Amino acid sequence: MPSPSQLHVNAALSQISIQFQNSQYIGLSVAPLLAVNKLSDVFFKYGEADFFTRVNDLADDKSLAQELDYTLSQDTYSCRFHANRSFVSDEEIRNADAPLNPLIDATEQLTNNIMLGHEKACADLVFNPANFGSNTSSPVVKWDAANSTPIANIQTATDATLGNDPLHAIIGIDAFRALQRHPDLTAAFHFVSEGAVASAEQIARFFGFKSLSIGEARINTAIKGQTPVLSRIWGDSMLIFRKPDAPSPRKAALAYTFSVGDRQVITERHNMIGGGTGGEFVKVTMNYDVKLVSASAGFLISNTNT
């Protein structure tokens with residue numbers, strides 16, 4: 001009778017693997033990590049008009065200078081732990097043919113799930129018009145119509161953002177495709193051939209964005225075991241926002257991912273679980289709170305397409 005180490009799955013073609021996953025996540029581009037020391041706490045916001053208000057600053061050699069003051073309001077964050085685990089047996093590791101690597105595959109899947117959840121949380125927060133007060137609008141004529149005015153819409157949104165930090169933008173893939181082939185944009189780049197489209201880099205330079213991130217990620221909304229139902233996490237909206245190069249609680253960013261520590265991968269040996277000699281538990285964990293800090297630092301153009 002062969003030993004367990006002599007049994008293995010059918011040999012796989014070397015260096016060939018079929019794996020589907022999202023190519024990138026953009027949640028951290030709109031809500032960058034802000035390291036904090038406690039899982040929950042209070043943070044302060046200065047009044048929006050304080051640094052735009054000018055008072056009389058004339059003074060002679062015998063008068064007191066005009067007194068200035070500022071207003072503060074409070075807000076709170078509350079980080080929660082997000083974690084997943086998987087068990088990988090010694091037999092899976094020993095019997096796996098290249099390019100399979102059960103420990104790496106398990107860690108990658110767990111990490112992907114954590115980031116998928118963060119991506120969904122970011123999209124639900126910053127693509128929700130209800131979170132922006134007056135700093136949101138929907139084009140009267142949708143961008144997939146030739147007579148729409150996306151350039152004017154985006155310039156209006158840009159002018160409405162407050163702050164002195166660089167401008168950035170994120171856009172759902174459907175909205176991006178309508179924007180990149182819009183005749184006003186292609187004409188701006190002197191495209192004359194039919195079917196020509198503008199690139200993300202060209203659009204970013206045209207509007208003065210330091211970055212333009214395109215939301216392409218999908219999520220399966222079906223119950224486990226049922227036929228997968230894949231939908232886009234980011235809709236057909238576009239968000240223009242300001243973000244500091246170095247995240248800081250003193251900067252008027254649109255949003256932050258408050259987090260204590262970094263995402264962690266934890267492994268633990270268990271000899272009494274599974275067949276044979278046991279195996280490894282792999283756990284990926286991250287604690288965070290995705291928080292809209294200052295809606296005035298952004299402007300949401302929602303529902304851009306018909």
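This is a predicted model, so every value here is computed, not measured.
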Counting only N and O atoms by type, is there a donor-acceptor contact under 3.5 Å from the side chain of H168 to the main-chain atoms of S213?
no
Mark yes or no for whether D50, through its side chain, and G47, through its backbone, hold a donor-acceptor pair below 3.5 Å.
yes
Between T304 and D236, is there a donor-acceptor pair closer than 3.5 Å when you use the side chain of the first and the backbone of the second?
yes
The test is side chain to side chain contact (heavy atoms under 4.5 Å, CB included); show your working for K210 and D245 and say whether it passes.
CA-CA 10 Å; K210 188 169 184 179; D245 292 329; 2.6 Å; yes
Is L212 reachable from F189 through a run of I, L, V, M, F, W or Y residues, each pair having side-chain heavy atoms under 4.5 Å apart?
yes
Cluster overlap F241 with L162, hydrophobic side-chain contacts below 4.5 Å:
no
Given the rule that I, L, V, M, F, W and Y join up when any side-chain heavy atoms are under 4.5 Å apart, are I114 and I266 in one cluster?
no
Check: S40 main-chain N/O paired with S78 side-chain donor or acceptor under 3.5 Å
no
Under the 3.5 angstrom rule, does the side chain of N305 hit a backbone N or O of D174 as a donor-acceptor pair?
yes
Heavy atoms, side chains only, cut-off 4.5 Å: are F127 and I170 in contact?
yes
Are any of the side-chain heavy atoms of L300 and S237 separated by less than 4.5 Å?
yes
Checking the side chain of S63 only, and the main-chain atoms of A59 only, is there a donor and an acceptor separated by less than 3.5 Å?
no
Between L254 and L239, is any pair of side-chain heavy atoms under 4.5 Å apart?
yes
Check whether any side-chain heavy atom of R263 lies under 4.5 Å from a side-chain heavy atom of V284, and answer yes or no.
yes
So T158 and L167, side chain to side chain contact (heavy atoms under 4.5 Å, CB included) or not? Walk me through it.
CA-CA 8 Å; T158 298; L167 277 168; 3.2 Å; yes
Please confirm whether the ring centroid of Y256 lies under 6.0 Å from the ring centroid of Y77.
no
Test item: K291 and L34 side chains (from C-beta on) under 4.5 Å apart, heavy atoms
no
Checking E216, K120, E119 against Y25 for side-chain contact (heavy atoms from CB on, under 4.5 Å), the one that qualifies is E119
Side chains of L185 and V197: closer than 4.5 Å at any heavy-atom pair?
no
Check this for me: Q180, atom CD, are more than 12 non-hydrogen atoms of other residues, nucleotides or ligands nearer than 6.0 Å?
yes
Do any N or O atoms from the side chain of T161 and from the backbone of G298 form a donor-acceptor pair under 3.5 angstrom?
no
Take atom CD1 of I223 as the centre, draw a 6.0 Å sphere, and report whether it contains more than 12 heavy atoms from other residues, nucleotides or ligands.
no
What verdict does the side chain to side chain donor-acceptor pair (under 3.5 Å) test give for N220 and R218, after you've listed the backbone C-alpha separation in whole Å, the side-chain angles of each residue and the deciding distance to 0.1 Å?
CA-CA 7 Å; N220 179 21; R218 291 181 169 93; over 6 Å; no
For N131 and T136: C-alpha separation, side-chain torsions, deciding distance, then whether side chain to side chain contact (heavy atoms under 4.5 Å, CB included) applies.
CA-CA 9 Å; N131 293 332; T136 183; over 6 Å; no
Test item: N287 side-chain N/O and C79 main-chain N/O as donor-acceptor pair under 3.5 Å:
no
Determine whether I273 and F281 make a side-chain contact, defined as any pair of heavy atoms from C-beta on separated by less than 4.5 Å.
yes
How about L28 and L33: do any of their side-chain heavy atoms sit closer than 4.5 Å?
yes
Identify whether the distance between the nearest side-chain nitrogen and carboxylate oxygen of D90 and R269 falls below 4.0 Å.
yes
Would a hydrophobic clustering, with Ile, Leu, Val, Met, Phe, Trp and Tyr connected at side-chain separations under 4.5 Å, put L39 with V293?
yes
For atom NZ of K45, is the number of surrounding heavy atoms from other residues, nucleotides or ligands below 6.0 Å larger than 12?
yes
Is there a donor-acceptor pair under 3.5 Å between the side chain of T186 and the backbone N or O of P183?
yes
Which residue pairs pass the salt bridge (Lys or Arg N to Asp or Glu O under 4.0 Å) test with at least one member in residues 131-159, sequence neighbours excluded?
none
Partners passing side-chain contact (heavy atoms from CB on, under 4.5 Å) against V88 (at least two apart in sequence or in another chain)
E92, I93, P102, L103, A106
Linked, directly or transitively: F43 and L72 (ILVMFWY side chains, under 4.5 Å)
no
Do H118 and Y288 have ring centroids that are under 6.0 Å from one another?
yes
